[in-house]
Amino acid sequence: MHDVVIRNGTVYDGEGGSPYAADVAIDGDLIAAVMPAIGDRGRREVDATGLAVAPGFINVLSWAIPSLIADGRAQSDVRQGVTLEVFGEGSSMGPLTDQMRRDQIERQADIRYEMPWTTLREGLDHLVRLGVSVNVASFVGATTLRVHEVGYDDRPPTGAELERMSRLAREAAADGALGLGSALIYTPGTFASTDELVALAEGAGGTYISHLRNEGDRLLEAVDELIEIARRAHVRGEIYHLKQAGKTNWAKLPAVIERVERARAAGIDIAADMYPYTAGATGLNACMPPWVQEGGFRAWLERLRDPSLRTRIAREMRAPGKNWENLYVAAGGAAGVLLVSFKNEALKPLTGKTLAEVAQVRGRSPEETAMDLVVEDESRVGACYFIASEDNLRREVAIDWMSFGSDEAAPAPEGVFLKSNPHPRAYGTFARLLGHYVRDEGLVPLEEAIRRLTSFPAWNLRLDRRGRIARGYFADVVAFDPEKIADHATYADPHRYAGGVIDVFVNGEQVLRRGEHTGARPGRVLVRG
């Protein structure tokens, strides 16, 4: 007798092969058999008639750490079939100094929590001890390493500082970090040179994955930098959430594809991931120049309070960034900036309004309003920027070296999560891909989309026995209805679960049963193999 037998489903093996009718047996945390008809019974029998049975989906870019601390069920992602959250876009749970820990606790917003860890691995282990329904893994953050040794200053590290940063990267890798993650439009990460990133990527090994230094006016130069870092550090490279920010840059996608494919042909393993939405989400810091933010958050606030600097800041916000990426300009101005999260209770009624609407009500310029909001909220203020092209999204979905990530938390439409609005990608990324772009638009076959949600990122991240429906692989399994899977979250109403995912298993334990969460929390820390 098996622990679980999933019967009568159509198996998509994760490798892109043709789907086939089969039963799947699970014993403990492993897949025990995949056969046309399994004779042995299961202690639990699952009827998957009419459903696709696939490996659990990998969220390559997740910001679910605070949401998992608040609610380990990871509801918005589990209900889309996600079984692994991957962290580390520039910042990671460790390594921390005592001052870094104090700074991060001070900047916490709706979700407040202690941070009883120092290293990255200790942080991930803390999540698992709390109890999470999904597996977790992480890159070590290049910004975290820089803050650990250099702080928030715009200067290169000394030789001794860089050696300590590299040592910390090696230690994180020894603890299972997937590689080095960077986010090069944000301070102080933007202060890092190419040489610094090469040294850290060499120390971390694995993969160098990056929010490029520029996704707009200097997109091609930024792609070249990522390829150079991967080549010099002898690691694979990946572009976080590939996009072309601002209408004037939409025509650059073919040149990006050509650069990546030329590098791949030359033996440099370069890939990318994406989310299927035309708006990105970050903070109002992304529309202000880096010099304003040098020295850390408190230094930024003091500059925004200085009347002698505000005129210059407003002028630079209105112009394309000469040495930085200006998302305010890329979004076409204040009407393209949607305010979605505040720390200050008095400002929360502004949630869901555009920066232009708030500026009009206040009788201030949009640039002054953005500065005022950051000061009043004492946070970067969460915002969506409408910057990307739908036609380019459709072309990117069809690229065979593209995987997918939400770039969001894993909330639920209840409790503390209702205090702010996420980007709808928090609830809809994977369902939108499989429903809208795969089923309705027919951009790629379902088996190919599943490959790029499962075995492709699992191989890229060097994860042991994940991403396939095959005997001996870990039993991360999702059963969903290909005809009904769909996203329902919108920018105006983002707290809405996707539909069409029926059953989800993580490490052999059922976390979603007939569309409802079971409460099980079998998630583990996954490390680079």
For residues 356-397, which residue pairs qualify under ring pair (Phe, Tyr, Trp, His ring centres under 6.0 Å), counting only residues two or more places apart or in two chains?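 Checked against ring pair (Phe, Tyr, Trp, His ring centres under 6.0 Å) - neighbours excluded - the pairs reaching residues 356-397 are Phe386-Tyr491.
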Is the closest side-chain donor-acceptor distance between [X] and [Y] under 3.5 Å?
X      : Y      : answer
Arg101 : Thr118 : yes
Glu316 : Trp291 : yes
Ser210 : Ser182 : yes
His211 : Glu89  : yes
Asp71  : Gln75  : no
Asn421 : Thr351 : no
Arg102 : Gln99  : yes

Parallel, tilted or perpendicular, judged at 30° and 60°: which one describes the rings of Tyr497 and Tyr427?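 Tilted, since the angle between the ring planes falls between 30° and 60°.
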Could you label the plane-to-plane angle of the Trp117 and His126 rings as parallel, tilted or perpendicular, counting under 30° as parallel and over 60° as perpendicular?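 Tilted.
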Taking atom NZ of Lys353 as the centre, report whether more than 12 heavy atoms of other residues, nucleotides or ligands fall under 6.0 Å from it.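 Open.
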Can you tell me if Gln360 has over 12 outside heavy atoms packed within less than 6.0 Å of its CD?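 No, not enclosed.
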N/O donor-acceptor pair under 3.5 Å between Asn344 side chain and Glu376 backbone: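 Flag set: sc Asn344 to bb Glu376 pair under 3.5 Å.
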Salt bridge or not between [X] and [Y]? Use side-chain N to carboxylate O under 4.0 Å.
X      : Y      : value
Arg395 : Asp391 : no
Arg298 : Glu106 : yes
Glu368 : Arg310 : no

Enter the distance from Asp372:CG to Asp377:CG here, rounded to the nearest 0.5 Å.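 One gets 12.0 Å once the value is rounded to the nearest 0.5 Å.
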